[in-house]
Structures are given as structure tokens and as C-alpha cells.
Amino acid sequence: MRWLSRLLSHAAAAGRTSAVARSTSIHVSGGSHGFASGGWEGSPAVPREWLRKLWLEELRKQKEAARALGSFARSYESVEAAGAATEAPSRSYQYDDRDLDPVEAKLAPLLARANLVIARDIEWANIMFAFEQESRYIIMDPLFPQSPVGFIREKSNIIFRQLLRTRRPFVAEITDAMGNEIFKVRRPFWLINSSIYAEVDGKEIGVVHKRWHLWRRIYDLYLGNRQFAVVENPGFWNWTFSLVDEDDKLLAQIDRNWRGIGFELFTDAGQYAVRFGDEGLSHKFALAADVEELHVARQLSLPERAVALALAISLDSDYFSRRGGWGLPFLIATE
């Protein structure tokens, strides 16, 4: 009988355990159902439709935020592109770096511009004592005249400078604003007709030969062995030198600007505007709005522009450099 009572007590305990388990499962399932219908007993019901609308509204806000972020990214990229176009200094047409040979790639940072202004430094020793100094020039872009884009520095023998003056032989380095050499011009000694050669990395790419005439200023410009332009200036007080092709069509222009009576009488500090044509510009910035457009038959290549720049240096030496020694620096007037 004892074993029978022990069996009945075990059965009663098992019954109580199953009852607790059933009540717990009922409460849990009721709680999960109560989240959608009110949570717990006595709380207000939350409709499933309201939760669905809340979820859809959240999705809509996320999509709008994603669209706004994409729009901002596109506008930022367009502003960056516009800024890059603004910083591109006065380029008359765009060069694709992948299409440039090594010579053109070296010339492009300086010469891929519509206009250049070349100003010669004042040589005080020449003014005071007629002591011929090495010529120095600053190259500027009319779009950004506050800072130079390059320099020209002559290298010549001090004795030849004093004895031969404007007929002296010299080499001039054309560098960028950081002093990195872009190309050189070499001008040998001359008696009747001058010549100046443009060289990149020691290799001659072009030459300018002066042709003798009693009063006209005539120059022939060559790229390799091919003549691509000629300059026929009428002389006297005409300071505009136009580069034309064999059909007499304009290719570029070099103007010597008047810098004021003091500069012109007492110094060699001339200023030259080299204009390659700016038809490719869609709009202008800063002081370039005052620069008249030059309509050209075609755009000069970068090596041809290097030869044109060599011509400007030759013009300054041939016609606009003079013996100094006035001893009157206080009379120099500004523009």
C-alpha cells in the first residue's frame, strides 16, 4: 500500500507541473497577441492598420532622405566641375592629356592659354650706368594678373653683353611659376639678320628668322623645316605684329603695349601681349572681359606657340632694347 500512495503523490505533482506550464503558455501567447491589440489587459487597443501605416510612412521618409542625399551629391559634383573650369587659366581650347606627345605635354601648362602678357623687369644698372644686365621677364595670364604663370631668364656672357649689346648671343630659360623649365630659346650672335631657336629638352622644335628690309620688320616662323607663319610689320610706330599663314589668314598676334612716358624713354621695361585667339572660351572672367577677342583662322599647336613666344623675345631684343645710362631713375613714371 505504501508503494501505491507514493505513486499517487508523483502523479499529483506531475499534474500540477503541467497545469503551470499550460497557464504560462497561455499568458505568453496572450501577451504577444496583446501587443497588436492593446498589450495587456485593460490597456487601449493598437490597430494593426495603424502600425502598417506607420511603417509605410517611415519607408517614405527614408526614400526621400536618400533622394535628397543623391541630389546634393550631384550638385556638389557640378559645383566642383564648375570650379575646375574656372581655375583652368584662359585656355582657348581643351587638350586631352592622353593625346599629347611628351613635347606638347611639357608645353601645355604654360602655352595652353588664349592670351599671355610678358613684362620685362627694370634694369637699374642699365639705366644708371649703361651696364647691360641679363634680361628678366614675367609671364602673366590676363585672367589672373595678380600672380605670374611663368618667367623668362636670360643667361649670357657679361663681356659679350657689354661689347655686343643687342647682337649678343644668349640662351633664355622659360619656366613655370615654380621655376621648372618648360623650354629654352637660343639666340646666336648676328650682324644683319637675327635668328632665334626654340628647344625642348635640348631638341630644336622651331626657329624664327628675320628677313632684312630697309624699314619693314619681317620674320619667318618655322616648325621643323615647315614654315607655318610670317610677320610683315610696316615699321615706324606700328607695334602690332600679326602672324599670318600662306593665305594671309590671321593665326596669332603680338602687341607691344605702351607703359607710360617714363618707362618708354628711360627703360627697356617693355610689355607684350601675345594673343593666340580665344574663340574656344564660352565665357570670360576677371580682367579678361576687357580683352578683345582675336578671331583666328586656326589654333596654333603648342610647339607653334613656343616659336611665337620666341618671336616676342626676339622682337624685344631687335627693336625695343636700347643703351641706357640716363642716370635719372626718379623720372620713371608709372602707367
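The figures that follow rest on heavy atoms only: side chains count, while hydrogens, waters and symmetry mates do not. A quick note: this is a predicted structure, and the numbers were derived from the prediction, not measured.
Here the straight-line distance linking atom CZ of R298 with atom CG of L250 works out to 11.5 Å at 0.5 Å rounding. Of the inter-residue distances, the one linking R275 atom CZ with H295 atom NE2 reads 9.5 Å to the nearest 0.5 angstrom. The CZ atom of F144 sits 8.5 Å away from the CZ atom of R113 when rounded to the nearest 0.5 Å. Expressed to the nearest 0.5 Å, how far CD1 of I174 lies from CD1 of I182 amounts to 8.5 Å. Atom OH of Y137 is separated from atom CD1 of I313 by 6.5 Å, given to the nearest 0.5 angstrom. Atom CD of residue Q271 and atom CG of residue D255 lie 11.0 Å apart, to the nearest 0.5 angstrom.
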key: side chain to side chain contact (heavy atoms under 4.5 Å, CB included) evaluation trace for S301 with L223   = CA-CA 10 Å; S301 67; L223 188 66; 4.3 Å; yes
inquiry  = Run F276 and V296 through side chain to side chain contact (heavy atoms under 4.5 Å, CB included) and show every step you take.
reply    = CA-CA 8 Å; F276 297 118; V296 294; over 6 Å; no
message = Under the criterion side chain to side chain contact (heavy atoms under 4.5 Å, CB included), I'd like the reasoning laid out for H213 against W215: C-alpha separation, chi angles, the key distance, then a yes or no.
response = CA-CA 6 Å; H213 194 275; W215 67 86; 3.7 Å; yes
task = Output, in order, the C-alpha distance, side-chain angles, deciding distance and verdict of side chain to side chain contact (heavy atoms under 4.5 Å, CB included) for I205 and F183.
result = CA-CA 10 Å; I205 61 171; F183 70 101; 5.7 Å; no
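The main-chain N or O of W212 is never found under 3.5 Å from a side-chain atom of R216 such that the two would form a donor-acceptor pair. With R187 contributing its side chain and F170 its backbone, the two residues share no donor-acceptor pair below 3.5 Å. With hydrogens and angles ignored, the 3.5 Å screen pairs no side-chain donor or acceptor of E104 with any backbone N or O of P303. Distance alone, capped at 3.5 Å, is enough to place a donor-acceptor pair between the R161 side chain and the S156 backbone. The main-chain N or O of K203 is never found under 3.5 Å from a side-chain atom of D201 such that the two would form a donor-acceptor pair. Between the N233 side chain and the S242 main chain, no donor and acceptor come within less than 3.5 Å of each other.
When all heavy atoms of T175 and E181 are compared, the pair lying nearest together is CG2-CA, 3.9 Å. P188 approaches S195 most closely through the heavy-atom pair CD-O, 3.4 Å. Shortest non-hydrogen contact noted between T166 and W190 is O-NE1, 3.6 Å. L100 and A108 make their closest contact through CD1-CB, 4.1 Å (heavy atoms, listed as atom of the first residue, atom of the second, distance). Nearest heavy atoms, S135 versus R120: OG-NH2, 2.9 Å. Residue I254 comes nearest to A308 through the heavy atom pair CD1-O, 3.6 Å, listed as atom of the first residue, atom of the second, then distance.
Salt-bridge formation is not detected for the pair R153/E134: no Lys NZ or Arg NE/NH1/NH2 atom is positioned less than 4.0 Å from an Asp or Glu carboxylate oxygen.
A side-chain contact (heavy atoms from CB on, under 4.5 Å) with K106 is found for one member of V200, N180, D101 and no other, namely V200. When each of K184, R168, R186 is tested with E154 by the rule salt bridge (Lys or Arg N to Asp or Glu O under 4.0 Å), just one qualifies, namely R168.
Under 3.5 Å, the side chains of Y219 and D318 contain a donor-acceptor pair of N or O atoms.
The hydrophobic cluster containing I138 does not contain V274, counting ILVMFWY residues as joined when their side-chain heavy atoms lie under 4.5 angstrom apart, directly or transitively. Linking Ile, Leu, Val, Met, Phe, Trp and Tyr residues whenever their side-chain heavy atoms come within less than 4.5 Å places L111 and I152 in a single cluster. One hydrophobic cluster, built from ILVMFWY side chains closer than 4.5 Å, holds both L251 and L309. In the hydrophobic cluster analysis, where Ile, Leu, Val, Met, Phe, Trp and Tyr join through side-chain heavy atoms closer than 4.5 angstrom, V171 is grouped apart from L107. Under the 4.5 Å side-chain heavy-atom criterion for grouping Ile, Leu, Val, Met, Phe, Trp and Tyr, F151 is not connected to M178 through any hydrophobic cluster.
In this structure the side chain of Y222 never reaches within 4.5 angstrom of the side chain of E304, judged on heavy atoms. Between V103 and L302 the shortest side-chain heavy-atom distance does not fall below 4.5 Å. The shortest side-chain heavy-atom distance between V230 and R211 falls under the 4.5 Å cut-off. Looking only at side-chain heavy atoms (C-beta outward), V208 and S314 stay at 4.5 Å or farther from each other. Looking at L311 and L315, their side chains come closer than 4.5 Å, going by heavy atoms from C-beta outward.
Remark: R217 fails to qualify as a cation-pi partner of F241 under the 6.0 Å distance and 45° angle criteria applied to the six-membered ring.
Within 6.0 Å of atom NZ in K210, more than 12 heavy atoms from other residues, nucleotides or ligands are found, so the atom counts as buried in its surroundings.
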